[in-house]
Amino acid sequence: MEIKARFDHFNIDVRDLDRSIAFYDRALGLKEVSRKIAPDGSYVIVFLGDGESDFRLELTWLRDHADRPYELGENESHLCVRVGGDYEQLRAYYREMGCLCYENHAMGLYFINDPDDYWIEVLPRR
């Protein structure tokens, strides 16, 4: 049997939903495309999109976990985006934002981190 899968979304749990939505808009231009709120208020799920692909970043806020940070291991799991425009100018922008967290000059890449310390690899668009 041959299976043809395509990526749909990736989920991360966040402590402060508004702060995370603002970060992803400012840092990557991702916009809210849909939202689901639990009837009892126990969770809010917000999907962000890039306006170009069908892929969605799912931000999940859990009421019972909003008082403490999430355990992220060693940050080896990460999201990766490709960006257009001046790659070095964008790196300086992230440095000014205070979210540039790792640079590998030999490989020509860098990472930013979001308000919950999830790492996002940033690569130039080809």
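Ring to ring, Tyr87 and Tyr110 are close: their centroids are under 6.0 angstrom apart. Proximity of the aromatic rings of Phe47 and His9 is defined here by a centroid distance below 6.0 angstrom, and this criterion is met. For His78 and Phe111, the gap between ring centers is short of 6.0 Å.
The distance from atom CD1 of Ile120 to atom CD1 of Ile112, rounded to the nearest 0.5 Å, is 4.5 Å. In this structure, CG in Leu28 is found 6.0 Å from CZ in Phe23, a value given to the nearest 0.5 Å. Atom-to-atom distance recorded for Arg56:CZ and Ile45:CD1 is 15.0 Å, nearest 0.5 angstrom. The distance from the CD atom of Gln89 to the OH atom of Tyr94 is 11.5 Å, given to the nearest 0.5 Å. Distance CG/Asp13 to OG/Ser20: 10.5 Å, rounded to 0.5 Å. To the nearest 0.5 Å, atom OG1 of residue Thr60 and atom CD1 of residue Ile12 are 8.5 Å apart.
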Discussion item. Applying side chain to side chain contact (heavy atoms under 4.5 Å, CB included) to Leu123 and Val81, what does each step give before you reach the verdict?
Written reply: CA-CA 6 Å; Leu123 297 173; Val81 298; over 6 Å; no
Practice prompt. Please report the C-alpha distance between Asn11 and Leu59 in whole Å, then the side-chain angles of each, then the deciding distance to 0.1 Å, and finally whether the side chain to side chain contact (heavy atoms under 4.5 Å, CB included) criterion is met.
Written response: CA-CA 6 Å; Asn11 173 77; Leu59 305 180; over 6 Å; no
Item to complete: Would you please test Lys36 and Glu58 for salt bridge (charged side-chain N to carboxylate O under 4.0 Å, His left out) and show each step?
Response: CA-CA 11 Å; Lys36 180 176 181 174; Glu58 176 184 346; over 6 Å; no
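The backbone N or O of Tyr118 sits less than 3.5 Å from a side-chain atom of Asp114, completing a donor-acceptor pair. Looking at Asp116, its side chain does come within 3.5 Å of a backbone N or O of Arg15 through a donor-acceptor pair. A donor-acceptor pair under 3.5 Å is absent between the side-chain atoms of Trp61 and the main chain of Asp16, judged by distance alone. Although no hydrogens or angles enter the test, the distance criterion places a donor-acceptor pair under 3.5 Å between the side chain of His65 and the main chain of Arg68.
When all heavy atoms of Asp50 and Ser53 are compared, the pair lying nearest together is OD1-N, 2.7 Å. The two residues Arg6 and Asp54 have their closest heavy-atom pair at NH1-CB, 4.1 Å. Across every non-hydrogen atom of Arg19 and Pro115, the tightest pair is NE-CB, 3.2 Å.
A heavy-atom distance below 4.5 Å is not found between the side chains of Asn104 and Glu121.
When only modelled atom types and interatomic distance are considered, Glu32 and Ser34 share no side-chain donor-acceptor pair under 3.5 Å.
Atom CD of Glu88 sits in a crowded spot, with more than 12 heavy atoms from other residues, nucleotides or ligands closer than 6.0 Å.
With salt bridges taken as basic N to acidic carboxylate O contacts below 4.0 Å, none links Glu96 and Arg91. Salt-bridge check for Glu52 with Arg82: failed, with every basic side-chain N at 4.0 Å or more from each acidic carboxylate O. Ionic pairing of Lys31 and Asp25 is present here: one or more N-O contacts between side-chain nitrogen and carboxylate oxygen are shorter than 4.0 angstrom.
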